[in-house]
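This report concerns only the one structure given below.
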Number of protein chains: 2
Amino acid sequence: MDLSIRKQKILKAAVELYVQSGMPVGSRAICEALDFPVSSATVRNELSDLSELGLLEQPHTSAGRLPSARGYRFYVDHLMKKRLLSGEERRVIDSLLLSSAYDPEKLLTSVSKALAALTRCAAVSTTPGGNAAVIRAVQFVQTSRRTAMVVLISSAGTMKTRVFHCDFDITPEILRVFFRTLNEKLVGRVLADITPALIQGLAASLGEMAILMSSALMAVLDVARESAEADVCLMGESNLLFCPEYEGSGVRRILDFLSRPEELTRLLLEGTGTRVLIGRESRRPELYASSVVISRYAIAGRDAGAIAVIGPIRQDYGRVIAGIEYLAGSVGTMLTELLDAE
Amino acid sequence: MDLSIRKQKILKAAVELYVQSGMPVGSRAICEALDFPVSSATVRNELSDLSELGLLEQPHTSAGRLPSARGYRFYVDHLMKKRLLSGEERRVIDSLLLSSAYDPEKLLTSVSKALAALTRCAAVSTTPGGNAAVIRAVQFVQTSRRTAMVVLISSAGTMKTRVFHCDFDITPEILRVFFRTLNEKLVGRVLADITPALIQGLAASLGEMAILMSSALMAVLDVARESAEADVCLMGESNLLFCPEYEGSGVRRILDFLSRPEELTRLLLEGTGTRVLIGRESRRPELYASSVVISRYAIAGRDAGAIAVIGPIRQDYGRVIAGIEYLAGSVGTMLTELLDAE
DNA sequence: AGTTAGCACTCTAAAACATCGAGTGCTAAA
DNA sequence: TTTAGCACTCGATGTTTTAGAGTGCTAACT
């Protein structure tokens, strides 16, 4: 689509004014915002053309214009100028992230929180996860006479714990044997391979201990399964409540969608780089009234997880993209360092 | 306050019809709900009396009646019949709780979730916590070459972990020394005693290792502090969005309140047994339009933490109380067993 | 004396209608 | 090609009307 410079400037002004005010913008307002002198009538003619091209729309005949999905698309692709976060903003984010730097789970919680606060939308992040990851270590910690905690560390950087309970007193001896056996058999194995069948087999090699420690084995299975699926951390849903665009039943639909972690994961992991999905582009009916900005983060140069912002279509995309890319970069770096240190 | 049997029955019907329908109830509707034959005119006379006693109110002259705060109070204190959860409901709750039985944190998350689902309100629970609790064990688990996790188990049943990072490679040796020293010095100590000063002193006795492991000491301090404060788990806030009584700005106020964990903790821990705070009774202006039902749970017979439901004043109190008491009982039993096993 | 039918009265919610004004599209002149 | 001018459109806002649910009171009834 080829637009004259003037049309582009007018479209840009229209999008930005609308994003700022939330109300359809009229020719007069645009007139005043342009950096060259032109009458409102001229602007009206141009607006009429832009409407015909499907870049702008009118709620009704005598209202101002607002960007259509295509309009936003064009804006994002061609008109938006990349903005950077202010030093202040970066400082705040950095200090927030640093406080949870060495625990990938907590790190991603912090990321979601920061992103939600920055954009005043819902923010999601997935842990690195992935079935391809490999078990790096299995550790046991006794937590009381008859309970202990299994800690599973994967090559994807996740660290999961689970507490289990036995019907007899746990001794350091037992844990040690258990630890040795499990590390021998499990370290280096792909997470997806930890199936009930495998655990069954493992039980066999443990002999009579297997019966005693069946709850421990279940815990290992559980925790492996949990590590395998990239889990998602959602924050700031309540921000959406205060967007006028979700008045009434609209909130329900989107909150419903957000409450389904599998769907969220699928959405987040389906592309690469930074993507902006406007309205129907996400192909999720529940998100037809929303936009999603997704950015993948990489660990040691390989795609690992993703972070995303979900909010109304009316967004300051420049700002959101700046924020999300900064965060994706930071997370990538931090997790890379964390894993490189191995 | 002494009411004739008939007045009591009428008040009961009024409360229950209003709770069910959400609309002011008229004399006709009450008429039909009563188990003895009486005309609407008679009911009207009684209603008039009940209004004068301040138990019912009218939104405007020609509307039906709805319970005032005092009306609900009377209902809860004298009219409500204790209901029990259905077998089905108990089954669902039990299985949900069992899945996280041995980790107090997860258990309380499950409790909040169950309670929120059951009541369609916001639900909160506090972990046993308490400054009086004593450190039972400090454990270390290496999680990568330069990171490790500290696990702190308190006598209150809490178990907290924190990952820390060192600038040199951690060896099992180092962790062992560290483990020994810390257990020697810290086990049996009251959580509230773990101050920066104490840690400082501890560092001295570690000699040169203290410098290497300063981040580990910080982590211990951190995790002790976190264990000391009973932390709260809030779930189901979004349920409140769908209550008609919180239309508009009302949501904001209550969500604000719910987002302040210290205030929530204070509210939950301020009494004993099961308490029903209706409207202003909570003495929190942000909750004047809400009711809170709180139940303490006990570990080994001693008050430990609390769980609560926060929602609109228009509540099926019988149901909420049944649910919360069942859950408080279950949690108490489970945690008692868990700690008794020591 | 307590209960009830009957009725006038009250007050809101919903519908119908009137008005205002922002913003458009078109026309004709510059 | 641009712009001033103007008739026109259509939602937002405010006002009036109407309908109906529910009350309180009175007077008759048991």
Side-chain angles (χ1 to χ4, degrees), chain A residues 2-11 13-18 20-68 71 244-245 247-248, chain B residues 2-11 13-18 20-68 71 244-245 247-248:
Chain A
D2 258 5
L3 292 185
S4 71
I5 300 292
R6 194 168 71 181
K7 278 201 176 58
Q8 296 197 11
K9 284 192 170 176
I10 287 176
L11 178 58
V15 172
E16 285 167 4
L17 286 171
Y18 179 68
Q20 207 188 8
S21 72
M23 284 178 325
V25 291
S27 48
R28 276 180 69 98
I30 290 182
C31 234
E32 285 159 22
L34 290 174
D35 58 354
F36 49 92
V38 74
S39 80
S40 68
T42 310
V43 172
R44 273 204 294 283
N45 288 327
E46 298 282 48
L47 287 178
S48 185
D49 293 351
L50 288 169
S51 286
E52 230 155 71
L53 289 168
L55 297 169
L56 294 178
E57 45 195 33
Q58 279 177 292
H60 56 88
T61 331
S62 81
R65 304 298 210 289
L66 51 85
S68 65
E245 22 268 294
E247 282 291 285
Chain B
D2 258 4
L3 292 185
S4 70
I5 300 292
R6 194 168 72 180
K7 278 200 176 57
Q8 295 197 11
K9 284 193 170 175
I10 287 176
L11 177 57
V15 172
E16 284 167 5
L17 287 171
Y18 179 69
Q20 208 188 8
S21 72
M23 282 175 329
V25 291
S27 47
R28 275 182 69 98
I30 290 182
C31 235
E32 285 159 22
L34 290 175
D35 58 355
F36 50 92
V38 75
S39 80
S40 67
T42 310
V43 173
R44 274 205 292 283
N45 288 329
E46 298 284 48
L47 287 178
S48 185
D49 293 351
L50 288 168
S51 285
E52 230 154 72
L53 289 168
L55 296 169
L56 294 176
E57 45 196 31
Q58 279 177 294
H60 56 86
T61 331
S62 82
R65 305 299 212 287
L66 51 85
S68 67
E245 23 268 295
E247 282 291 284

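Letters go in sequence order (proteins before strands), and every chain restarts at 1. All of these numbers come straight from a predicted model, not from anything done at the bench.
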Any protein N or O atoms within reach of nucleotides 15-19 of chain D? Criterion: under 3.5 Å, listing atom names and distances.
none

Are the side chains of B:V43 and B:L34 in touch, meaning some heavy atoms are under 4.5 Å apart?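 Counting from C-beta outward, B:V43 and B:L34 do come under 4.5 Å.
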Side-chain contact, heavy-atom cut-off 4.5 Å: B:V38 with B:I10?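 No, too far: nothing below the 4.5 Å cut-off.
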Do you know the tightest heavy-atom contact between A:P59 and A:G64?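 The pair with the smallest heavy-atom distance is CD-O, 3.5 Å.
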Residue pair A:G54 / A:S68: nearest heavy atoms and the distance that separates them: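 Heavy-atom minimum between the residues: O-OG, 2.6 Å.
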Looking at DNA chain D, which of residues 51-66 of chain B put a heavy atom within less than 4.0 Å of it?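 Only B:Q58, B:T61, B:S62, B:A63, B:G64, B:R65 qualify.
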Does anything in residues 21-35 of chain A come within less than 4.0 Å of DNA chain C? Heavy atoms only, and list the residues if so.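 By residue number: A:G26, A:S27.
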[X]: partners by side chain to side chain donor-acceptor pair (under 3.5 Å), with sequence neighbours left out:
X: B:S51; result: B:R65
X: A:S48; result: none
X: A:T42; result: A:S39

More than 12 foreign heavy atoms under 6.0 Å from CD of A:Q20: is that the case here?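 Count not over threshold, so no.
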Out of curiosity, [X] [atom1] to [Y] [atom2], how far, rounded to the nearest 0.5 Å?
X: A:L11; Y: A:R6; atom1: CG; atom2: CZ; answer: 14.0 Å
X: B:E46; Y: B:L56; atom1: CD; atom2: CG; answer: 11.0 Å
X: A:L53; Y: A:D2; atom1: CG; atom2: CG; answer: 11.0 Å

If an axis is fit to five pairs at each end of the helix from C:dA1-D:dT30 to C:dA30-D:dT1, what is the angle between the two, to the nearest 10°?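 Result, rounded to 10 degrees: 20°.
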Keeping to residues at least two apart or across chains, list the salt bridge (Lys or Arg N to Asp or Glu O under 4.0 Å) pairs with something in residues 48-58 of chain B.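 Listed once each, the pairs are B:K7-B:D49.
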Qualifying salt bridge (Lys or Arg N to Asp or Glu O under 4.0 Å) pairs with a residue from residues 30-39 of chain B, counting only residues at least two apart or across chains: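 Listed by first then second residue: B:K9-B:D35.
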With a 4.0 angstrom cut-off to heavy atoms of chain A, pull out the first and last contacting nucleotide of DNA chain C, in 5'-to-3' order.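 Nucleotide range with atoms under 4.0 Å of chain A: C:dA22 to C:dG25.
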To the nearest angstrom, how far is A:N45 atom CG from D:dT3 atom C1'?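 Between C1' of D:dT3 and CG of A:N45: 9 Å.
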Side chain to side chain contact (heavy atoms under 4.5 Å, CB included) assessment of B:L3 paired with B:L55: CA-CA 11 Å; B:L3 292 185; B:L55 296 169; 3.8 Å; yes
Output side-chain donor-acceptor pairs under 3.5 Å for residues 21-29 of chain B, partner residues at least two apart or in another chain, one line each.
| from | atom 1 | to | atom 2 | distance (Å) |
| --- | --- | --- | --- | --- |
| B:S21 | OG | B:L17 | O | 3.0 |
| B:S21 | OG | B:M23 | N | 3.0 |
| B:S21 | OG | B:M23 | O | 3.3 |
| B:S27 | OG | B:R44 | NH1 | 3.2 |

